Visitor: 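Before I ask anything, here is the structure I am working with.
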Amino acid sequence: MKSRMFFYVMLIFGAAHSPCAFAQHENCNHGDAPDASIQQGGSNFVCVDGLSSESINLKTAAAEAKKIESLVTAVGKIENIPENVAVVSTRIAGRVCKLYVSPDASVKEGDPICKIESLLPGNPPPSVLVKAPKSGIVEALNIFRGSPVEPNAEIARIADTSKFYAVANVFESYVGKLKLGMPARVKLEAYPDKIFSAKLVKFGASISAPTNTLPVYFEVENPSRAIRNGMRGIFYISTNSGKAAVSVPKSALTGGNARKFVYVEKCPEDKIYERRQVVVGRTDDLNAEILHGLKAGEKVAISGVYQLQFMPAADMDAHADNHAPAGKNVPAPHSHDEHMATEHLAEGGVAEHPEHVHSELEHSSPSVVGAVGDGAASGAAVSIGNGDLSILEKLGRSGYFKYFLWALLGVSILLNVIFAAAFARSGRE
């Protein structure tokens with residue numbers, strides 16, 4: 001009786017430690033552990049209805065190879081180019097009898113500015129019509145109707161605003177990295193969503209002692225006349241274009257410093273997005289390099305990303321049913337890691353909806369992959385739904401298999417203790 005009990009205990013203990021018992025769990029590639037916040041949410045997939053999509057201004061862009069630039073960042077402001085500014089004056093003394101312009105008005109070369117009545121006798125006295133020497137904006141107007149005018153006094157100042165200097169205050173330690181002709185992107189406070197291209201044309205004469213910075217002059221075109229003299233902004237000066245890498249706009253990233261996520265478009269028709277963890281490499285002011293977690297060509301949300309976190313979870317079972325071919329066995333979606341996705345399989349293991357596919361087989365255990373591969377080779381219909389799995393396979397997929405093994409180990413240890421106590425007791429008797 002004692003020998004039989006010992007045999008049963010050792011059999012259970014051996015089964016709990018058998019490599020075959022752990023094979024299904026250990027060989028399954030789970031990837032990185034999902035973020036705790038995602039586990040609490042219960043689903044990595046969200047669904048956005050049409051009205052919500054418009055209200056959050058949801059936009060997408062494809063991940064693609066881009067060059068991540070090395071940047072020197074500085075602050076500065078817009079200034080007039082001196083040769084593009086003209087001062088209006090007259091050689092005679094008199095008074096303004098007519099005024100044709102107002103401050104900040106646009107004028108063309110030859111347009112009348114004012115009419116000055118001289119101090120010479122006459123009825124009426126001799127007068128002079130003063131015209132604009134160039135096209136531009138009337139930045140300053142120093143006269144009114146009836147104002148006295150002195151010879152060579154500044155009547156008005158006109159600036160050509162088709163081009164400006166964008167003057168960046170660059171710290172002395174970065175000046176050595178800059179060269180004439182280098183490009184820069186300028187973001188002005190007045191237009192936070194716009195980017196203006198500029199080119200380095202000259203350096204300042206001396207370092208400013210209080211700030212230890214050097215004024216660096218960039219030329220920026222202003223065809224739309226949106227830029228105004230005196231506007232402030234941030235300068236991103238490109239010193240090295242770097243190598244191309246799979247990148248997304250920085251606006252696509254969400255999460256903290258430790259973990260970054262993107263929302264990947266899984267189904268454009270139903271507006272289903274997957275919250276996926278990514279590993280971020282180099283960044284510049286526009287783009288972020290993705291080292292792991294995203295493939296070139298996959299579309300990610302780049303606008304409305306923050307609001308996507310609060311959208312309702314997508315019903316992936318209903319989505320799979322809606323897109324299932326008639327008479328086909330479509331598996332319910334499952335997740336092994338942050339790269340979880342749905343695959344619709346047809347006969348022979350061929351995906352009939354490639355736009356919704358992120359291969360499930362890449363994350364399956366070798367036994368499951370082998371079974372699917374053999375089925376595809378023989379031309380038989382492949383089905384890996386939960387209904388066709390064994391009990392052990394279901395446990396392995398459910399994630400509770402490891403707890404079952406630990407429970408079995410605990411029972412075997414407890415039986416060993418009981419057997420040892422009984423054996424010691426019988427020995428004393």
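Note that the structure is predicted; figures quoted are calculated from it, not measured.
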Visitor: Listed by chain and number, what are the ring pair (Phe, Tyr, Trp, His ring centres under 6.0 Å) partners of Tyr217, not counting sequence neighbours?
Guide: Tyr165
Visitor: Tell me whether the count of non-hydrogen atoms from other residues, nucleotides or ligands lying under 6.0 Å of NZ in Lys187 goes above 12.
Guide: yes
Visitor: Can you list, pair by pair, the side-chain donor-acceptor contacts under 3.5 Å of residues 226-234, counting residues two or more places apart and other chains?
Guide:
from	atom 1	to	atom 2	distance (Å)
Arg228	NH1	Arg225	O	2.3
Asn229	OD1	Asn80	N	3.4
Arg232	NH2	Glu189	OE1	3.3

Visitor: Output side-chain donor-acceptor pairs under 3.5 Å for residues 166-176, partner residues at least two apart or in another chain, one line each.
Guide:
none

Visitor: Is Glu219 salt-bridged to Lys199, cutoff N-O under 4.0 Å?
Guide: no
Visitor: Using a strict 4.0 Å threshold on nitrogen-to-oxygen distance, state whether Glu117 and Lys115 make a salt bridge.
Guide: no
Visitor: Does Tyr191 OH have over 12 foreign heavy atoms under 6.0 Å away?
Guide: yes
Visitor: Got a sec, which pairs hit side-chain hydrogen bond (donor to acceptor under 3.5 Å, both in side chains) with one end in residues 245-257, sequence neighbours left out?
Guide: none
Visitor: Is there a donor-acceptor pair under 3.5 Å between the side chain of Asp49 and the backbone N or O of Leu51?
Guide: yes
Visitor: Under a 4.5 Å cut-off applied to non-hydrogen side-chain atoms, are Val186 and Val220 in contact?
Guide: no
Visitor: State whether the side chain of Arg275 and the backbone N or O of Phe261 hold a donor-acceptor pair below 3.5 Å, judged by distance alone.
Guide: no
Visitor: Among residues at least two apart in sequence or on other chains, which ones pass salt bridge (charged side-chain N to carboxylate O under 4.0 Å, His left out) with Glu109?
Guide: none
Visitor: Tell me whether the count of non-hydrogen atoms from other residues, nucleotides or ligands lying under 6.0 Å of NZ in Lys299 goes above 12.
Guide: no
Visitor: Evaluate whether atom CZ of Phe310 has more than 12 neighbouring non-hydrogen atoms of other residues, nucleotides or ligands under 6.0 angstrom away.
Guide: yes
Visitor: Excluding sequence neighbours, so at least two apart, what forms side chain to side chain donor-acceptor pair (under 3.5 Å) with Ser162?
Guide: Asp160
